[in-house]
> 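Got a structure for you, questions after.
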Amino acid sequence: IQEGDYTSFVPIDAVNASDADSGLNSLITFSLMTNTSLFKINPTSGEILVRGDLDREQQETYTLHVLATDHGTPWLNNTCTVIIVIEDINDNPPRFVQPPDRMKAVVSVDEDAGIGTELFQAKA
């Protein structure tokens with residue numbers, strides 16, 4: 001998912017599970033085992049939703065543990081792990097390495113310097 005500030009819950013992915021039993025024994029409920037306020041899961045569809053600020057520079061991945069439980073007696077369950085990778089966007093400008101008081105440069109250029117001659121190199 002792309003980094004950004006998601007102000008309302010937005011679907012990003014879904015998990016899927018099946019149960020070979022019939023009737024109530026085959027109905028599945030999904031839940032997150034991971035304690036998080038950024039993500040939630042639709043208990044019926046398994047759709048994973050996100051709401052909040054995702055900043056790749058702060059955290060590159062999130063790991064969610066999902067529990068799928070059937071409605072049989074006794075209840076049976078299984079788990080899976082979902083890894084969410086945050087894609088970077090261009091949200092940070094370049095910064096010069098030198099301190100501000102050293103960001104001035106005086107460059108002398110030979111009048112015979114050819115086109116394309118390197119005059120100065122700055123690190124950012």
> Ignoring hydrogens, what is the shortest heavy-atom contact between Met33 and Thr79? Give both atom names and the distance.
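Taking Met33 first and Thr79 second, the nearest heavy atoms are SD-CG2, 3.5 Å.
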
> Thr81 vs Leu64, test: side-chain contact (heavy atoms from CB on, under 4.5 Å). Steps then yes/no.
CA-CA 6 Å; Thr81 301; Leu64 303 178; over 6 Å; no

> Report yes or no: does Thr34 contribute a side-chain atom to a donor-acceptor pair with the main-chain N or O of Thr36 at less than 3.5 Å?
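No: the side chain of Thr34 does not pair with the backbone of Thr36.
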
> If you take all heavy atoms of Arg51 and Tyr6, which pair is closest and at what distance?
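Shortest heavy-atom contact: CG-O, 3.3 Å.
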
> Quick one: does Leu67's side chain get under 4.5 Å of His65's, heavy atoms only?
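Leu67 does not reach His65 side chain to side chain.
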
> Please check this pair: side chain of Asn78 against backbone of Ala68, looking for a donor-acceptor N/O pair closer than 3.5 Å.
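Pair absent, no side-chain N/O of Asn78 close to backbone of Ala68.
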
> Flag the pair Phe9 / Val50 as yes when at least one side-chain heavy-atom distance between them is below 4.5 Å, and no otherwise.
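They are not in side-chain contact.
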
> State yes or no: do Ile48 and Leu32 share one hydrophobic cluster built from I, L, V, M, F, W and Y residues joined by side-chain heavy-atom distances below 4.5 Å, directly or via other members?
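Yes, Ile48 connects to Leu32 through the hydrophobic network.
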
> Please table the atom pairs, donor to acceptor, closer than 3.5 Å between any side-chain atom in residues 11-30 and protein atoms at least two apart or in another chain.
{"unit_1": "Asp19", "atom_1": "OD1", "unit_2": "Asp21", "atom_2": "N", "d": "2.9"}
{"unit_1": "Ser26", "atom_1": "OG", "unit_2": "Gly23", "atom_2": "O", "d": "2.8"}
{"unit_1": "Thr29", "atom_1": "OG1", "unit_2": "His71", "atom_2": "NE2", "d": "2.6"}

> Donor-acceptor pairs are to be reported for all side-chain atoms of residues 55-62 against protein atoms at under 3.5 Å, with residues two or more places apart or in another chain.
{"unit_1": "Asp55", "atom_1": "OD1", "unit_2": "Glu57", "atom_2": "N", "d": "3.1"}
{"unit_1": "Arg56", "atom_1": "NE", "unit_2": "Ile86", "atom_2": "O", "d": "3.0"}
{"unit_1": "Glu57", "atom_1": "OE2", "unit_2": "Asn92", "atom_2": "ND2", "d": "3.4"}
{"unit_1": "Gln59", "atom_1": "NE2", "unit_2": "Thr61", "atom_2": "O", "d": "2.9"}

> In this structure, would Ile84 and Leu49 fall into the same cluster of hydrophobic residues linked by side-chain contacts under 4.5 Å?
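No, no single cluster joins them.
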
